[in-house]
Each structure stands twice: as C-alpha cells, then as structure tokens.
Amino acid sequence: MHVVFAASECVPYVKTGGLADVVGALPREMAHLGHRVTVYLPYYKQVREHVPEKKPVIRSLTIPFEYYNRFVAILDGGIHDGVQFYFVDCPELFDREAPYGTETSEYADNWERFGLYCRATLEAAKQLGVPDVFHVHDWQASMVPVYLRTVYYYDSALRNAGTILTIHNASYQGWFPPETTQHLLLPWDLFTVDGLEFYDRFDFLKGGVVYADAITTVSRKYAEEIQTPAFGSGLDAILRKRASDMHGIPNGLDYTLWNPATDHKIAAHYTSDNLAGKVECRRDLLHAFGAAHISETTPVLGIVSRFATLKGFDLIAQIADRLLDRDLFLIVLGTGEPYYEGLIRTLQERFPGKISVHIGFDEILGHKINAGSDIFLMPSHFEPSGLNQMYSLKYGTVPVVRATGGLDDAVEEWNPETRTGTGFKFYGYNPDDFLAAIDRALDIFRNDKAAWTTIIRNGMAKDFSWKKPAAEYAALYEEVARRRS
Ligand code: ADP
Ligand code: GLC
C-alpha cells in the first residue's frame, strides 16, 4: 500500500500546533507497518532553514490559474525513518515570514497558496508515484480530493486513488470569496450548498468533506461532537450526511520525542518507578522562569497553549484573580490573540511572584513545563484531540481539563474510593466549575501525597502510543483502496 500525506505542517520542519506533531509521527508509524509512505509539504521559509540545499526531482510543473500559470519545482527532502519527503517549491508563495500569515492577519492569497500546493501534489504524484490513498489533513490540503474528483476526473493515472480527509479542527475552514471557484479553475456548479459553498463563501474544508472517500477526526468524542450544531462550526449537517464514512481515530504520541525517560530537552530523566528526576525538572523549570524561590510545598501549575478563546482563555481570565490568590505558582507559555497576550502580561504585573509568563513559541520550554509542573491546565471550550493533556500525563503532571473532545477521552477523573483516575475534569463551561476542579487537585496535592503519587503513576501508565491508532488508519486505507479498485 502506498499512502501520500498532504498537510501544511510537520515536525521537525514546520510547526504551529498539534497537526505538525501528528504528521511528524503517523507517516513513520505507517512506514514501520510496511507501507510505502510519502509526505508532501510546502517549501516554506521554515522548511528551507531546515533543508537549505535544493535537490529538485521535478524541475518545473505548470500550475494553471484563471489568468496565468505558476511554475513550481518539487524538491527531494530525502527518506527519513522510511518516509519519503518532497517539498513543493514556489518561493513567491511560500518563502515568507510565517506559514499562514502575519500577527494581525492571514495572507490574503492563502487560497492560491494552498490551491497550488494541492494541485502540485497531484501533478507530482503522477510522476513520482500515484498512491493507493491520499491522506489529506485540514483545509489547506482539502483541494486534493476536490481536484481529484472534478478537474482530474478523467485522468486515468489518478482515478483509482482513494482519499481520506482528517479534520483536526473544524473551526478552521479556509473561507474565501466565491470567485475563488474560477480562480482555481473549478467548475461553478461546485459552488452550491451541497458542494463547497458556505454562506456565499468558498469553503476549502467543506470541499474536502464532500469529496473525500472517508473522513476522520482526531478523537472519538469529537467525531460525535462535530456532527452537532454546537461543535460542527456550520458543517454539522454535511458531516451528518456523511456519517457512515466518518471515523474517530484518536491521536497517538511520538514517544521518541515525548518521553521523560529519554527526552533531551528536560533537565533530568525519570520513570514512574523513580520520580526523583521530576523534582529536578521542577527546579529547572522554576529557574528558567525566574522563580527559583518557590517552595517545594507550593504547587506549580503550567499552561502551554495558543492564546485563543477556544483554548479557554476567557475562563482563565475570569478565574485569574481568585486563582492567584491561592498558594500556588502559575507558569504560562504561549502566543496568539493580542488581547489575551495583553491580559496575561497584565496578570504578571499585578501578581508578581505568583505567575511567570513567556510569550512566544519555544519547544524546549514546552517540554520543560510538561515535565516540571505539578498540574497542567487545559480548560478548552472545545478540543478535537489536544496533545498536551497526553504529554502531561506521560510526564507525571496531573491535568485539569474541560470534559470535551480528546480531553474527555484522555483524562479520567480521580476516584478516591477505587483509587483510579488520572486527573480532574469539569463539564460546564463556566469559571466556577473550572476553579472547583483546580481546587480538587490542589486539595489532594497538599493533603494526601500518597493519593497524589497514585494519580501521577496512573497517568504515566497510560498507553498513548501510535500503535493502535496507526492500525486503525491502516485498516481504513485498505477499505478505501478496496472501494476504489
Ligand atoms: P493545537 O494544535 O490546537 O494548538 P494541540 O494540543 O494539539 O493543540 O497541540 C499543540 C502543540 O503545540 C503541542 O505540541 C504543544 O506543546 C505545542 N505548543 C503550543 N503552543 C506552544 C508554544 N507557545 N511553545 C511551544 N510549543 C507550543
Ligand atoms: C488541531 C486541534 C487539536 C489537535 C491537533 C492535532 O490543532 O485543535 O485539538 O490535537 O489538531 O490533531
């Protein structure tokens, strides 16, 4: 079986969120299972910095638009852990400061950037190997199934290839003006409510939902939620139509990068049998955040997140004063909406000695917070999968999460009677329930060390490896390929 991955992010080349972690790990797992796997990525500035030497395997592909052609090269990124990487090189579109936009707005030509990326992936595959299945991710890769089943419908080289769309977050859909249809040389009859029209906008993700052979999302809970008006971001009706082709396959963790027994980014290694290294990681974390004075009995709470309302920052804002009144220390790492950046900075000024903040994207600090905190906060409004709650469990840091999507699937509420459970959850999206869940955690941290250690060990014992999810994807690849043959 040959699978081509099309996605807009992949570690170690380019990352803005969890998508990059998934695309960095799943292809390798599939290669381990014996499949031939190819990944196509845009050759962004960030990718170029990783792989500066250009090795073209296709010197020029013509990608037509309504009034002009663009020319792209396909670069060989080499084979790593059995996975072949190719980069779509079009400097005028991809060699820019950031993958999607500036701090204040998305690039206006993202329709062109990702339309071109999708068409170039199909054209390149015709020369470098047509797969049994194109596994495409999020709106940026959603034109692959759309082109395949429309413009390329009569292309005999491509027609037997199947397509799977994985939705990592339905609230990012890629909306553009209606004329995008003709700019991308797609027939206007696609621009209907059953096609990729969404309230008079051209909707990339909706196109993927309509034309992919199968659709997956990244947790079982979110696969149900996304089919309801509250979580579907307007796509719930079209997703319900496709319910028989929908699958919830939970994300795994890349234990080669995220494992406290081997992680190179943390101060000391540890396992659930010997947590001594975690104490050292805590010390190192506090040092890194200028808080070496914090006593051992004061709990350290960590947050690593995009600053966005969907990540629960409105709740954090609402509980901040009451939270920081308690005996604890809060560490925050993130970037995002300027409003929340300002708010978090203000908290640091108002509560010196109670909170330390780093505004920015910093992989090493991210690992340090997962390892060195006592408690990890993730109060997301919704969360398709969420990786940080699983990282924190693996690192013996007890998560407090809102019971939604992958957070609800991954974390089990602590039960003092049965001594089972891995963390603390709240259901209603309101500040009081969030604070109550934090207080349940703080109470045990302070008053029952034996129970606390049991919670830590329960979490560390959970298996979030890619083994099972990869087998589920493999079965789906087989099914989709069978349907197309
Ligand atoms: P999302 O993709 O919605 O942002 P996930 O929990 O799936 O949420 O993944 C976020 C990923 O990005 C995790 O690997 C997390 O550690 C990382 N991350 C988020 N913000 C930062 C940051 N400011 N610095 C370093 N890593 C970050
Ligand atoms: C998206 C989701 C996040 C998920 C990640 C990887 O960014 O918001 O919940 O973990 O994709 O699937």
Side-chain angles (χ1 to χ4, degrees), residues 5 7-12 14-26 99-100 135-141 165-173 205 216-223 225-226 231 233 248-255 257-258 263 265-266 288-289 302-313 331-337 340-341 344 357-371 373 376-395 397 399 401-402 404-411 464 466 469 473:
F5 279 72
S8 59
E9 296 184 24
C10 173
V11 289
V14 53
K15 168 170 172 174
T16 73
L19 169 67
D21 294 13
V22 171
V23 182
L26 177 59
Y100 308 126
H135 185 177
V136 310
H137 298 258
D138 278 351
W139 75 263
Q140 292 89 346
L165 166 69
T166 295
I167 301 176
H168 294 261
N169 193 328
S171 69
Y172 302 108
Q173 295 175 12
L205 188 66
T216 74
T217 62
V218 286
S219 67
R220 302 206 199 285
K221 178 87 186 241
Y222 187 64
E225 289 174 338
I226 201 176
F231 291 92
S233 300
I249 304 182
N251 283 335
L253 298 191
D254 185 346
Y255 284 145
L257 299 176
W258 293 93
D263 187 340
K265 298 191 172 80
I266 60 177
F289 276 82
I303 295 176
V304 180
S305 182
R306 287 189 284 126
F307 292 167
T309 306
L310 76 89
K311 294 288 180 188
F313 272 80
I331 288 180
V332 184
L333 168 66
T335 51
E337 293 170 20
Y340 289 119
E341 289 192 10
I344 297 283
V357 175
H358 182 92
I359 309 267
F361 200 94
D362 189 316
E363 289 276 354
I364 293 180
L365 287 181
H367 283 245
K368 281 184 192 291
I369 294 175
N370 274 293
S373 309
F376 197 87
L377 303 183
M378 253 178 119
S380 305
H381 184 59
F382 71 94
E383 192 62 79
S385 160
L387 297 172
N388 265 306
Q389 80 282 14
M390 296 191 273
Y391 295 146
S392 74
L393 287 167
K394 178 72 183 167
Y395 282 72
T397 298
V401 302
R402 167 127 195 281
T404 180
L407 299 176
D408 197 24
D409 283 356
V411 178
F464 294 115
W466 269 106
Y473 277 115

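If you read the sequence from its start, that first residue is 1, and numbering goes on from there. Order of listing sets the numbers, starting from 1, for every ligand and every atom in it.
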For G405 versus S219, what's the shortest heavy-atom pair and its separation?
C-OG, 3.7 Å

The closest protein heavy-atom partner of atom 4 (C) of ligand 2 is G386 N, 3.6 Å

Give me the residue, atom name and distance of the protein heavy atom closest to atom 9 (O) of ligand 2.
E383 OE2, 2.5 Å

What residue and heavy atom of the protein are closest to atom 10 (C) of ligand 1, and at what distance?
G18 N, 3.6 Å

Residue, atom and distance of the protein heavy atom nearest atom 26 (N) of ligand 1 read F361 CZ, 3.6 Å

Do any heavy atoms of S385 fall under 4.0 Å from ligand 1?
no

The answer for which part of H168 has a heavy atom under 4.0 Å from ligand 1 is neither

So is there a nitrogen or oxygen of E363 less than 3.5 Å from a nitrogen or oxygen in ligand 1?
no

Using a 4.0 Å cut-off to any heavy atom of N388, which atoms of ligand 1 qualify?
6 (O), 13 (C), 15 (C), 16 (O)

For R220, is there any backbone N or O sitting under 3.5 Å from a side-chain donor or acceptor partner on D409?
yes

Measure the CZ-OG distance between F382 and S380 for me, rounded to the nearest 0.5 Å.
8.5 Å

Nearest to atom 1 (P) of ligand 1, what protein heavy atom do you find, and at what distance?
K311 NZ, 3.4 Å

For ligand 1, is G366 a contact, meaning one of its heavy atoms is under 4.0 Å away?
no

Taking atom types as modelled, find out whether T216 and T166 have a side-chain donor-acceptor pair closer than 3.5 angstrom.
yes

Can you find a pair of side-chain heavy atoms, one from V304 and one from Y391, that are under 4.5 Å apart?
no

What are the atoms of ligand 1, with element, lying closer than 4.0 Å to any heavy atom of G386?
6 (O), 7 (O)

Heavy-atom pair with the smallest gap, counting every atom of S171 and L310:
OG-CD2, 4.2 Å

In terms of atom number and element, which parts of ligand 1 are under 4.0 angstrom from non-hydrogen atoms of G334?
23 (N)

For atom 4 (O) of ligand 1, what's the nearest protein heavy-atom neighbour? Residue, atom name and distance, please.
R306 NE, 2.7 Å

Relative to the heavy atoms of V218, which atoms of ligand 2 are at a distance of less than 4.0 Å?
12 (O)

To check your reading of the model: name the closest protein heavy atom to atom 11 (O) of ligand 2, its residue, and the distance in Å.
H168 CB, 3.2 Å

Check: P399 main-chain N/O paired with Q389 side-chain donor or acceptor under 3.5 Å:
no

Please work out whether any backbone atom (N, CA, C, O) or any side-chain heavy atom from C-beta onward of N251 is under 4.0 Å from ligand 2, and answer side chain, backbone, both or neither.
side chain

Around atom 6 (O) of ligand 1, find the nearest protein heavy atom and jot down its residue, atom name and distance.
L387 N, 2.9 Å

Starting at CG of N370, measure out to OG1 of T397 and round the result to the nearest 0.5 Å.
6.5 Å

For K15 and ligand 1, answer yes if some heavy atom of the residue is under 4.0 Å from a ligand atom, otherwise no.
yes

Select one of side chain, backbone, both or neither to describe which atoms of D362 lie under 4.0 Å from any atom of ligand 1, heavy atoms only.
backbone

Would you mind checking if E337 and R306 are paired as a salt bridge, meaning a charged N to carboxylate O distance below 4.0 Å?
no

Tell me whether E9 contacts the main-chain N or O of P99 through its side chain, where contact means a donor paired with an acceptor under 3.5 Å.
no

Below 4.5 Å, heavy atoms only, C-beta onward: do K15 and F361 meet side chain to side chain?
yes

Is the closest side-chain heavy-atom distance between Y100 and Q140 below 4.5 Å?
yes

Measure the shortest side-chain to side-chain distance between Y172 and L205 over non-hydrogen atoms and say whether it is less than 4.5 angstrom.
no

Hey, does N169 come in under 3.5 Å of ligand 2, counting only N/O atoms on both sides?
yes

Examine ligand 1 and decide if any of its atoms is less than 4.0 Å from a heavy atom belonging to G360.
yes

